[in-house]
Q: 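After the structure tokens below, expect a handful of questions from me.
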Amino acid sequence: MIYVTKEVAVNAAGHPRLHRGDVWKGLVMKAENALPFVPGMAKCDVVERTANGLVRDIMFRGEDARERITLHPEAKVVFVRESGNVDGFIVNEVLGSDDDLRLRFSFALQLVDAPSDSPEENELRQVMERDYVKAVDATLGAIRKMVADPQYAKATV
């Protein structure tokens, strides 16, 4: 099993100031269409909407998978792998107040057809650590870009 957590300050110097609602809107958009947020994702199709989330089919690094996503408004998004070559879950959390807003991504994943600590799992660990760390930065970058867009300001008034 591979465990990784990365937490970053949302309001870094030199970037537009974000509020919890901005980050939350970005995470919901990411759940519905992760392509602008996750480098390495080539497909993201919503196949079902549920009372508190959705189910989507994705292609990440050339592998197809299905994820069930549960939205916990303004707090966290939980992605559970239902099919594919990797089992596990990913959690995106919005932490702190607007004065100390942070975004934390965590995951626990394992290859379906390889034992823990196998060479295959160790290779996956290196790829996933690199890609998910990039995803945190790419997600914040996409949210910042969204907030800086004048169309976003009109849509939130």
Side-chain angles (χ1 to χ4, degrees), residues 2-12 14-98 100-110 124-125 127-157:
I2 303 163
Y3 301 97
V4 172
T5 296
K6 180 176 183 185
E7 185 175 312
V8 296
V10 169
N11 290 311
H15 294 285
R17 183 159 177 77
L18 301 177
H19 302 281
R20 180 177 289 274
D22 298 323
V23 176
W24 179 250
K25 184 174 181 181
L27 291 179
V28 171
M29 291 173 69
K30 179 182 170 217
E32 293 182 355
N33 178 17
L35 299 180
F37 298 89
V38 181
M41 189 168 290
K43 176 179 95 171
C44 184
D45 298 327
V46 175
V47 297
E48 179 185 345
R49 295 204 178 269
T50 64
N52 61 346
L54 56 99
V55 177
R56 69 185 190 184
D57 288 338
I58 64 168
M59 180 181 285
F60 184 71
R61 298 192 130 283
E63 298 287 339
D64 289 316
R66 176 163 282 185
E67 295 178 324
R68 178 168 300 278
I69 300 169
T70 305
L71 304 171
H72 301 268
E74 303 269 329
K76 66 182 171 182
V77 181
V78 179
F79 305 77
V80 176
R81 287 284 173 96
E82 292 189 333
S83 70
N85 67 332
V86 175
D87 282 337
F89 64 90
I90 301 164
V91 180
N92 297 176
E93 297 175 274
V94 185
L95 305 169
S97 66
D98 276 351
D100 181 34
L101 203 55
R102 298 175 317 282
L103 184 59
R104 179 170 57 203
F105 283 18
S106 304
F107 69 80
L109 300 171
Q110 65 183 14
L124 176 67
R125 177 186 326 274
V127 169
M128 298 304 269
E129 286 176 351
R130 182 188 67 231
D131 286 351
Y132 277 87
V133 164
K134 284 181 188 175
V136 176
D137 296 331
T139 297
L140 264 180
I143 293 169
R144 288 177 178 135
K145 201 183 255 188
M146 173 187 73
V147 169
D149 182 345
Q151 295 299 324
Y152 174 81
K154 289 178 186 174
T156 59
V157 173

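If you read the sequence from its start, that first residue is 1, and numbering goes on from there. Small disclaimer: the values here were computed from a predicted structure and weren't measured.
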Q: Side chains of Val4 and Phe105: closer than 4.5 Å at any heavy-atom pair?
A: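 With C-beta onward as the side chain, the pair stays apart.
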
Q: Kindly say whether Ser97 contributes a backbone atom to a donor-acceptor pair with the side chain of Asp100 at under 3.5 angstrom?
A: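 No: the side chain of Asp100 does not pair with the backbone of Ser97.
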
Q: I need the Lys145 NZ to Leu140 CG distance, nearest 0.5 Å.
A: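 Between Lys145 NZ and Leu140 CG, I get 13.5 Å after rounding to 0.5 Å.
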
Q: Do any N or O atoms from the side chain of Arg125 and from the backbone of Tyr3 form a donor-acceptor pair under 3.5 angstrom?
A: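 The answer is no, because no donor-acceptor pair under 3.5 Å joins these two groups.
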
Q: Just do the side chain to side chain contact (heavy atoms under 4.5 Å, CB included) check on Val94 and Val10 with the steps written out, would you?
A: CA-CA 9 Å; Val94 185; Val10 169; over 6 Å; no

Q: Hey, can you pull the donor-acceptor pairs under 3.5 Å for the side chains in residues 65-76, sequence neighbours left out?
A:
residue, atom, partner, partner atom, Å
Arg66, NE, Asp57, OD1, 2.6
Arg66, NH2, Asp57, OD1, 3.1
Arg66, NH2, Asp57, OD2, 3.0
Glu67, OE1, Arg56, NE, 2.8
Glu67, OE1, Arg56, NH2, 2.8
Glu67, OE2, Arg81, NE, 2.9
Arg68, NE, Glu82, OE2, 2.7

Q: Would you mind reporting whether Glu63 and Val86 have side-chain heavy atoms less than 4.5 Å apart?
A: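 Not touching, per the 4.5 Å side-chain cut-off.
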
Q: Given side chain to side chain contact (heavy atoms under 4.5 Å, CB included), test Leu95 with Glu7 step by step and report yes or no.
A: CA-CA 9 Å; Leu95 305 169; Glu7 185 175 312; 3.6 Å; yes

Q: Under 6.0 Å from the NZ atom of Lys43, do we count more than 12 heavy atoms belonging to anything else shown?
A: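 Counting neighbours around NZ of Lys43, more than 12 heavy atoms of other residues, nucleotides or ligands fall under 6.0 Å, so yes.
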
Q: Could you check whether any side-chain heavy atom of Lys25 comes within less than 4.5 Å of a side-chain heavy atom of Val147, counting everything from C-beta outward?
A: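 No; the side chains remain at least 4.5 Å from each other.
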
Q: Quick one, Ile143 with Lys30, criterion side chain to side chain contact (heavy atoms under 4.5 Å, CB included). Give me CA distance, side-chain angles, the key distance, then yes/no.
A: CA-CA 9 Å; Ile143 293 169; Lys30 179 182 170 217; over 6 Å; no

Q: State the CE-CE distance between Met41 and Met59, to the nearest 0.5 angstrom.
A: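 Interatomic distance, Met41 CE to Met59 CE, rounded to 0.5 Å: 11.0 Å.
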
Q: For Asn11 and Asp98, run side chain to side chain contact (heavy atoms under 4.5 Å, CB included): C-alpha distance rounded to whole Å, both residues' side-chain angles, the deciding distance at 0.1 Å, then the answer.
A: CA-CA 9 Å; Asn11 290 311; Asp98 276 351; 6.0 Å; no

